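What follows is a short report on a single structure.
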Amino acid sequence: MPRGIDSAVFPHLQTDLDRVRDVLGPVRLEGRPELTALTDEGPGTSRRLVRPTLTLLSYYLLTDPATPADDRVVRAAAAVELLHLGSLYHDDVVDHAYERRGRPSANVVWGSHMAVLGGDSMMLTSVRMLAELGRREVLAGAIAGEQMCAGMVIEAADLYVTSRSEQSYLDAIDGKTAAVLSLACRVGAMQAGRDEDTEEALALFGRHFGMAYQLHDDILDLTSTAEEMGKPVNADLPEGIYTLPVIRAAARDGNLVRLLRRAMTRAQAAHAHELVIASGAVDEARTTADEFMDRAAGRLAAVPVDPRVRHAMMAYARTILDRRTPGPAAASRSPQPPRARGAGLPPHIAQWLRNWLLDTGLALTPAEADYHRWTGAIQLPAHTLTPAANPAREQTTYGMAVLTLILDDLFEDPQLTDPAAVTALRRGMVAMVRRDPQDPALPGAIPTAWASLWPRLREGRTPRWQERFLDGLENWFEAAEREARHRIDGYIPGTADYLPLRIATSGIEIALACIEVYEDGELPSKLRNHPVIRRFEELAFWVTFVENDLVGLDQDEADQVPYNLVRAVRHETGVTRSEAVEQVQRQVAEHRAQLEAVIRYIPGLIRVLPGLPGRRKDYAQMYANITNVALWGRESDRYEPTSASTAPDLERLRREVYHRAAEPAPTAL
């Protein structure tokens, strides 16, 4: 039963709300069941169905509250809720919100594009349901939707406007919030078959209540915690949304006005928040909300109904103003304790890698075998990865990871300054990996290392997997050549080009293929192509790249590495180094929060996604390993040299691979 409801007055409300939930459901797309989850909040949602409750109460008020609601009322209530839910999808995109009712928002999990389309689907489903009820209902819904959009436009036009007027604020909330609550009451009254004056009185009750409702929401943003609200709080100020308390505080505090600007630092936002609270404007806003509640009560008093029912409806409205729902604090990632260098690499793997590096000639001395940019980059903390399928696959995966790091260094080496040599290196790499496995191995450390790994990598893999792996390597070599040429030319990409260029040089497909080898499985294309999984991969690798950019900034600047986001921001905007670092750190925090939200969603998706072959548990384990490696990335030892390691001669390794002839023709597997 909703909070504040007198069950003796409204005995059927809970049952009727359950009927509304049955009607709601997700929007289903014919033939694409894997997309149903876009608009499915799932079981256990904390949604309180305020708008459907108002629809039902308005109907009960004008009929007999002791009688269950007619099916038309249930559908009307569901239609209003769908209109509201669709608008929330849009709100979260506009506001860059990461949570909704304590859960990841749709834009975080699915991306903004899909979230907007999901919101559109829900709102248009609402329109269809209202149209099925009748012309008056759909017209009322269209008008409310129009007013809602107008309110949002007004609010967006006033972002960061320190001179925003109180009237502009009231006009905005009248549209974006009050219009839909007014619609909820109106369509409930319509189903009771009373005169239009009565409908209008209930619609005005809903509108005045809606004004108070949004005022309280804005006050709670300033005075509550994220745990109480189930969504981020203290968010309006930094986003430039100046609500009534802020408007009144700014009118008499010049210091606050000077703080209100775009791109506020955390310290500035916190200070601005303190000034608003200290001004007394929050209490004044509560008084304004109380005035709107008095007006709502006046409209309800004008409706000739049983006073007991009227009082119960008003009591519910007053109770629902406080949306705080105390619960357990959201889990947060605690800082990792300091760990000894190399403590996470299993001893048997550390020994195998050292021997392999020396046996293949990649390292000439034990000190080179301990080179921090190679083995240091994979010093995973204990229990980061779930156990491998078998020891041979564990060795193969770690070996390929180190070889990938070595190949990356060959291209990134600042001593490589001849464009022709870069191209020769790329040609040699392609010729090496495309060589017939039955042919004798080429001389040299890199070819020897590759020849030792490729048979083990391809063991048990399908021809399609093998070709995809080699294609991924060739594409990576081409991207590495492009990056090296950009370094030589002094080119720094704009921020819009950073991610695609960085992804191309990252070897994502190689990393994912290695996880498949490690687990002795293969991620089905149906899973890899799901929008949520694509979103996860984008966020996971973005976080990994950019956190490494921050950790390795000093070295990247010294080596003139072109694909570093801090360098890209400085080049594009002209800000100082410290300003660029702070800007990128904020982006990392934002993306990491989104990534952790998506991570919580993936196990459930894998469990219910239709059309997957077996081994769902194995797929979940693969993504758990990808997740753990991505979140661990900032702890890498790659940029922390030790006295025990010695830098190898990269030119020696390159000379063994250079291929200056014409492009080699790919050969069959």
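As the structure is a prediction and not an experimental result, all values here were calculated from the model.
- Heavy atoms of other residues, nucleotides or ligands lying less than 6.0 angstrom from CZ of Arg248 number more than 12.
- At least one donor-acceptor pair closer than 3.5 Å links the side chain of Gln191 to the backbone N or O of Val187.
- Salt-bridge annotation for Glu538 and Arg534: absent, with no side-chain N of the basic residue lying under 4.0 Å from a carboxylate O of the acidic one.
- In summary, Arg19 and Asp22 do not engage in a salt bridge, as defined by a charged side-chain N under 4.0 Å from a carboxylate O.
- By the 30° and 60° cut-offs, the orientation of the rings of His591 relative to Trp542 is parallel.
- Looking at Lys176 and Asp91, no side-chain N of the basic residue comes within less than 4.0 Å of a carboxylate O on the acidic one, giving no salt bridge.
- The backbone N or O of Val108 sits less than 3.5 Å from a side-chain atom of Arg535, completing a donor-acceptor pair.
- By the 30° and 60° cut-offs, the orientation of the rings of Phe10 relative to Tyr60 is parallel.
- At least one donor-acceptor pair closer than 3.5 Å links the side chain of Asn529 to the backbone N or O of Ser525.
- Residues Thr243 and Asp236 bring no donor and acceptor atom of their side chains to less than 3.5 Å of each other.
- In terms of modelled atom types and a separation under 3.5 Å, the side chain of Glu572 and the main chain of Thr495 share a donor-acceptor contact.
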Report the C-alpha distance between Glu590 and Arg586 in whole Å, list the side-chain angles of each, state the deciding distance to 0.1 Å, and finish with yes or no for salt bridge (Lys or Arg N to Asp or Glu O under 4.0 Å).
CA-CA 6 Å; Glu590 176 180 303; Arg586 285 199 300 266; over 6 Å; no
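- Looking at Glu200, Arg207, Arg136, Glu137 one by one, the single match for side-chain contact (heavy atoms from CB on, under 4.5 Å) with Arg186 turns out to be Glu200.
- For the pair Arg295 and Phe292, the cation sits on the ring face: its NZ or CZ lies under 6.0 Å from the ring centre, inside 45° of the axis.
- Inspection of the Asp16 and Tyr59 side chains reveals no N or O donor paired with an N or O acceptor under 3.5 Å.
- Judged by distance alone, the side chain of Arg164 and the main-chain N or O of Tyr242 form a donor-acceptor pair under 3.5 Å.
- Asp92 places no side-chain N or O within donor-acceptor distance of the main-chain N or O of Ser105, the cut-off being under 3.5 Å.
- Between Arg616 and Ile606, the closest heavy-atom pair is NH1-O, 2.7 Å.
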